[in-house]
Amino acid sequence: MHYWLMKSEPDAFSYDDLVAKGKAEWDGVRNHAAQGHMKAMRKGDLAFFYHSNIGVEAVGIMTIVEEAAPDSTDETGKWIAVHVAPREKLAKPVTLTAMKADPALADMAMLRQSRLSVSPLTKEQFDHIVAMSKA
DNA sequence: GCCAACGTTGGC
DNA sequence: GCCAACGTTGGC
């Protein structure tokens with residue numbers, strides 16, 4: 001089991017949009033580092049849904065339901081996508097500010113490279129953010 | 001193969 | 001709307 005954090009601008013696609021659809025292809029990722037992380041995802045892995053630009057916070061947890069397959073929005077055949085489904089909405093969103101302020105998350109990949117749209121989390125980091133959402 | 005120019009992402 | 005970080009492109 002591995003843990004991830006995935007960014008989306010909520011005015012384009014939000015966590016509530018995912019809940020409404022039930023399942024969605026996480027497409028449009030055009031960055032090699034982020035693609036590498038998506039290729040490493042396995043069915044059953046968990047990922048935070050993070051709202052960039054608006055909110056700037058983790059809002060929910062998703063399950064990876066289908067592993068890497070060709071991105072249906074890509075005509076070149078070079079890029080892959082995974083499929084995700086909503087698991088649970090966080091009781092309280094965890095903001096980027098709160099993550100940055102927490103020493104336990106100092107090594108988080110996203111904090112070290114803010115533009116990375118798909119990033120890995122350790123189990124400790126994942127559990128810590130879940131705990132913050134319930135505090 | 002280096003590096004400057006340029007475009008995009010994303011936080012503020 | 002600005003700007004820093006970072007990726008990509010193209011000239012040499």
Side-chain angles (χ1 to χ4, degrees):
Chain A
M1 163 88 72
H2 289 93
Y3 302 90
W4 311 95
L5 182 147
M6 303 172 84
K7 292 184 183 181
S8 176
E9 298 188 23
D11 55 354
F13 187 67
S14 71
Y15 186 76
D16 288 341
D17 292 335
L18 177 61
V19 170
K21 288 185 80 171
K23 171 182 170 182
E25 180 184 51
W26 199 273
D27 54 32
V29 175
R30 299 290 182 270
N31 168 284
H32 290 289
Q35 284 271 304
H37 295 314
M38 289 207 297
K39 284 177 189 163
M41 290 179 180
R42 293 296 171 257
K43 206 173 282 194
D45 283 358
L46 298 180
F48 285 113
F49 194 124
Y50 174 92
H51 283 177
S52 60
N53 290 319
I54 301 169
V56 193
E57 58 198 4
V59 294
I61 299 172
M62 308 182 274
T63 307
I64 307 304
V65 292
E66 285 179 38
E67 297 175 10
D71 181 331
S72 68
T73 67
D74 168 40
E75 290 166 11
T76 69
K78 286 193 295 192
W79 305 101
I80 57 90
V82 298
H83 281 71
V84 298
R87 180 183 172 92
E88 63 174 308
K89 192 166 185 166
L90 298 181
K92 201 167 55 110
V94 178
T95 64
L96 178 63
T97 309
M99 294 185 222
K100 280 183 175 169
D102 198 315
L105 300 177
D107 290 330
M108 250 179 80
M110 183 192 65
L111 298 183
R112 300 209 154 192
Q113 193 183 338
S114 65
R115 285 185 48 194
L116 192 55
S117 61
V118 178
S119 60
L121 294 171
T122 65
K123 176 167 174 38
E124 288 73 22
Q125 290 163 349
F126 182 88
D127 289 344
H128 192 80
I129 295 170
V130 170
M132 289 166 79
S133 75
K134 293 173 178 167

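Each chain gets a letter, A, B and so on, in the order its sequence line appears, and its residues count up from 1.
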Under 3.5 Å, which donor-acceptor pairs link side chains of residues 76-85 of chain A to any protein atom two or more places apart or in another chain?
{"residue": "Thr76(A)", "atom": "OG1", "partner": "Asp74(A)", "partner atom": "OD1", "Å": "2.7"}
{"residue": "Thr76(A)", "atom": "OG1", "partner": "Asp74(A)", "partner atom": "OD2", "Å": "3.3"}
{"residue": "Thr76(A)", "atom": "OG1", "partner": "Lys78(A)", "partner atom": "N", "Å": "3.2"}

Donor-acceptor contacts, no H, no angles, side chain residues 53-66 of chain A, under 3.5 Å, sequence neighbours left out:
{"residue": "Asn53(A)", "atom": "ND2", "partner": "Glu9(A)", "partner atom": "OE1", "Å": "3.3"}
{"residue": "Asn53(A)", "atom": "ND2", "partner": "Glu9(A)", "partner atom": "OE2", "Å": "3.0"}
{"residue": "Glu66(A)", "atom": "OE2", "partner": "Lys23(A)", "partner atom": "NZ", "Å": "2.4"}

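Between the side chain of Asp45(A) and the backbone N or O of His2(A), at least one donor-acceptor pair lies under 3.5 Å.
Remark: Asp127(A) pairs with Lys123(A) by the side-chain contact (heavy atoms from CB on, under 4.5 Å) rule, at least two apart or across chains.
Within a 6.0 Å radius of CZ in Arg87(A), other residues, nucleotides and ligands contribute 12 heavy atoms or fewer.
Residues Leu5(A) and Val118(A) are members of separate hydrophobic clusters, defined by side-chain heavy-atom contacts under 4.5 angstrom among Ile, Leu, Val, Met, Phe, Trp and Tyr.
Within the structure, ring-ring contact (aromatic ring centres under 6.0 Å, His included) contacts touching residues 95-133 of chain A (residues at least two apart or in different chains) are Tyr3(A)-Phe126(A), Phe48(A)-Phe126(A).
Taking the 5' to 3' direction, DNA chain C first and last meets chain A under 4.0 angstrom from a heavy atom at dA5(C) to dT8(C).
Recorded end-axis angle for the helix from dG1(B)-dC12(C) to dC12(B)-dG1(C) stands at 10°, based on five pairs per end and rounded to 10 degrees.
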